[in-house]
Amino acid sequence: MASIDSNPTPNEPKNPWVRRSIELANTKDYLDRLHTVYPVSQEAGRTLPPELKRELAKIYHSNDDIALVRKLLSLRSKYRFPIKDPYAAFLGKKPKFLEFNPCTVARIAQSIRTLGLKGMIASLEEPKEFNRQIGTLFKKWLPKLGYPFLSPQDFEGVQEIAFLQGSARTLQSFANEKLGCRLQKAPDFVAKVRKGYLVGEAKFLTDHGGHQNAQLEDALRFLEQSEGTAERIAVLAGVVWIQSNTKMYHRVCELEKAAMSALLLQEFWKVY
């Protein structure tokens with residue numbers, strides 16, 4: 001278990017890495033430095049090819065609600081769904097759900113049609129929201145620390161600091177089959193620091209309350225589980241570290257396991 005100096009007083013966070021993260025976030029240039037991990041860029045929208053625009057116009061004018069919603073759902077990997085609706089993702093899971101739920105499909109199609117054809121196309125072409133990009137930014141930053149990313153075969157034999165290379169499925173399989181972690185979803189990283197293994201969950205919490213509290217609880221459930229031989233760490237960024245009377249702040253102050261800012265990871269590796 002990695003540790004740094006001093007025992008906490010009753011009014012301090014229990015874990016020293018939590019304490020260090022709070023100190024870091026409440027001093028000069030925290031956000032400036034955090035931007036190296038989570039850079040905000042004005043992502044350009046994607047222009048639909050002319051043939052796709054013609055196809056969409058034909059479906060739009062056909063007044064076939066199922067065909068319209070089906071086509072728009074099929075484009076979500078590259079383009080935004082034109083409206084925000086909590087039922088849309090469910091409809092996209094299986095083709096038969098569109099036929100099973102005609103009233104919901106009609107409601108969603110009507111909301112889309114209120115945009116008009118030009119508005120629908122413009123909405124599709126808008127860039128994805130920053131919150132939709134956050135999950136990949138941390139993983140893009142990790143290689144910049146300078147440590148190697150290795151295949152599962154080479155990873156097991158390494159004696160220094162390294163990360164496991166591979167898909168989400170590869171990381172989850174290694175954590176479960178080799179380390180006994182029994183994870184229900186893939187971790188954001190699997191690392192080896194000399195002879196010890198680490199699995200980590202990363203979250204950028206942009207505000208207090210609601211969905212952001214749920215995101216924190218998701219990370220803390222991961223952290224507090226004890227299955228397996230790997231140590232678990234939560235790498236947290238954002239408002240969670242602001243000294244306040246919020247649920248978030250109280251939750252992290254209660255932690256005994258390691259949770260920290262990404263900006264402290266290299267220091268953590270050195271003393272692990």
Side-chain angles (χ1 to χ4, degrees), residues 1-43 129-147 161 163 187-191 193 198-225 231-272:
M1 174 74 181
S3 62
I4 54 179
D5 62 317
S6 77
N7 294 319
T9 64
N11 295 322
E12 288 184 325
K14 294 180 180 180
N15 186 279
W17 293 100
V18 170
R19 187 183 75 243
R20 285 291 308 281
S21 299
I22 293 168
E23 292 169 353
L24 185 67
N26 288 274
T27 54
K28 187 177 179 181
D29 80 0
Y30 167 67
L31 293 181
D32 295 347
R33 294 174 62 192
L34 188 64
H35 196 259
T36 63
V37 185
Y38 295 100
V40 177
S41 59
Q42 297 303 316
E43 183 180 287
E129 297 175 9
F130 177 69
N131 285 349
R132 301 282 302 272
Q133 305 171 40
I134 285 176
T136 62
L137 294 178
F138 177 81
K139 295 174 185 177
K140 289 180 179 178
W141 170 77
L142 275 180
K144 297 178 182 179
L145 295 178
Y147 303 116
I161 300 172
F163 291 94
D188 287 310
F189 65 87
V190 178
V193 182
L198 295 154
V199 290
E201 180 87 357
K203 300 286 187 185
F204 186 168
L205 303 162
T206 58
D207 205 347
H208 297 107
H211 176 68
Q212 297 295 297
N213 279 349
Q215 288 289 295
L216 176 63
E217 291 302 321
D218 183 55
L220 299 189
R221 279 192 298 272
F222 164 86
L223 182 65
E224 292 166 350
Q225 291 168 354
E231 182 171 347
R232 301 177 186 227
I233 61 174
V235 183
L236 307 176
V239 300
V240 64
W241 302 124
I242 297 175
Q243 292 169 310
S244 63
N245 193 32
T246 62
K247 179 180 179 180
M248 274 190 185
Y249 185 72
H250 287 301
R251 287 288 282 124
V252 294
C253 285
E254 294 168 358
L255 292 175
E256 295 184 356
K257 292 188 177 181
M260 71 195 70
S261 168
L263 301 175
L264 293 174
L265 273 180
Q266 285 187 293
E267 185 177 339
F268 181 79
W269 305 146
K270 290 177 182 178
V271 299
Y272 180 77

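One-based numbering along the sequence shown. FYI, side chains are in, hydrogens and waters are out, and symmetry mates aren't considered; it's all heavy atoms of this structure.
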J.: Let me confirm one number: the CG-CG distance from Asn213 to Asp207, rounded to the nearest 0.5 Å.
T.: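 That separation rounds to 9.5 Å.
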J.: How close do Gly238 and Tyr30 get, heavy atom to heavy atom, and via which atoms?
T.: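 Result for this residue pair: N-OH, 3.1 Å.
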J.: Do Leu142 and Tyr147 make a side-chain contact, defined as non-hydrogen atoms from C-beta onward lying under 4.5 Å apart?
T.: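 Leu142 does not reach Tyr147 side chain to side chain.
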J.: Please tabulate, one pair per line, all N/O donor-acceptor pairs under 3.5 Å involving side-chain atoms of residues 214-221, not counting sequence neighbours.
T.:
from	atom 1	to	atom 2	distance (Å)
Gln215	OE1	Lys203	NZ	3.1
Glu217	OE1	Arg251	NH2	3.1
Glu217	OE2	Arg251	NE	3.0
Asp218	OD2	Lys185	NZ	2.7
Asp218	OD2	Lys203	NZ	3.1

J.: Ile233 and Phe222: which non-hydrogen atoms are nearest, and at how many Å?
T.: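 Looking at all heavy atoms of both residues, the shortest contact is O-CE2, 3.6 Å.
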J.: Got a sec, which residues hit side chain to side chain contact (heavy atoms under 4.5 Å, CB included) with Ala262, two or more places apart in sequence or on another chain?
T.: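 Here the qualifying residues are Val37, Phe138, Trp141, Val235.
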J.: Tell me every residue that passes salt bridge (Lys or Arg N to Asp or Glu O under 4.0 Å) with Lys247, counting only those two or more places apart in sequence or in another chain.
T.: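 Once residues adjacent in sequence are excluded, Lys247 has no partner under the salt bridge (Lys or Arg N to Asp or Glu O under 4.0 Å) criterion.
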J.: Could you report the tightest heavy-atom contact between Val199 and Pro187, atom names first, then the distance?
T.: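 Of all heavy-atom pairs spanning Val199 and Pro187, the closest is CB-CB, 4.4 Å.
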J.: May I ask you to test the Phe204-Leu34 pair for a side-chain heavy-atom distance under 4.5 Å?
T.: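 The answer is yes; the side chains approach within 4.5 Å.
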J.: Run the side-chain hydrogen bond (donor to acceptor under 3.5 Å, both in side chains) test against Gln266 and tell me which residues pass, sequence neighbours left out.
T.: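 Gln266: no side-chain hydrogen bond (donor to acceptor under 3.5 Å, both in side chains) contacts found.
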J.: How close do Ser261 and Ser21 get, heavy atom to heavy atom, and via which atoms?
T.: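 So the minimum-distance heavy-atom pair works out to N-OG, 2.9 Å.
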J.: Can Val240 and Gln212 be said to form a side-chain contact (heavy atoms from CB on, under 4.5 Å), step by step?
T.: CA-CA 9 Å; Val240 64; Gln212 297 295 297; over 6 Å; no
J.: With sequence neighbours left out, what residues match Asp29 under side chain to side chain contact (heavy atoms under 4.5 Å, CB included)?
T.: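 With neighbours one apart ignored, the set is Asp32, Arg33.
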J.: Only counting residues at least two apart or in another chain, list the ones meeting side chain to side chain contact (heavy atoms under 4.5 Å, CB included) with Thr246.
T.: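 Once residues adjacent in sequence are excluded, the partners of Thr246 under the side chain to side chain contact (heavy atoms under 4.5 Å, CB included) criterion are His208, Ser244, Met248, Tyr249.
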J.: Could you pull out the closest heavy-atom pair between Ala202 and Asp188, with the gap in Å?
T.: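 Of all heavy-atom pairs spanning Ala202 and Asp188, the closest is N-OD2, 2.7 Å.
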J.: Would you sort out whether Arg232 and Gln225 count as a side-chain contact (heavy atoms from CB on, under 4.5 Å), showing the intermediate values?
T.: CA-CA 8 Å; Arg232 301 177 186 227; Gln225 291 168 354; 3.3 Å; yes
J.: Please list, chain by chain and in numerical order, all residues satisfying side chain to side chain contact (heavy atoms under 4.5 Å, CB included) with Ala234, sequence neighbours excluded.
T.: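 Residues passing side chain to side chain contact (heavy atoms under 4.5 Å, CB included) with Ala234: Leu223, Leu236, Ala259.
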J.: Taking all non-hydrogen atoms of both residues, which atom of Leu137 and which atom of Pro39 are closest, and how far apart?
T.: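 Closest approach of Leu137 to Pro39, heavy atoms only: CD1-O, 3.7 Å.
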J.: Would Tyr272 and Leu198 count as a side-chain contact (heavy atoms from CB on, under 4.5 Å) here? Give the steps.
T.: CA-CA 10 Å; Tyr272 180 77; Leu198 295 154; 3.7 Å; yes
J.: Students often mix this up, so state it plainly: with edges at 30° and 60°, are the rings of Trp269 and Phe189 parallel, tilted or perpendicular?
T.: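 Taking Phe189 first and then Trp269, their aromatic rings stand perpendicular (interplane angle over 60°).
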J.: Does some side-chain heavy atom of Glu267 sit less than 4.5 Å from a side-chain heavy atom of Arg20?
T.: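 The answer is yes, as the side chains (C-beta and beyond) meet within the 4.5 Å cut-off.
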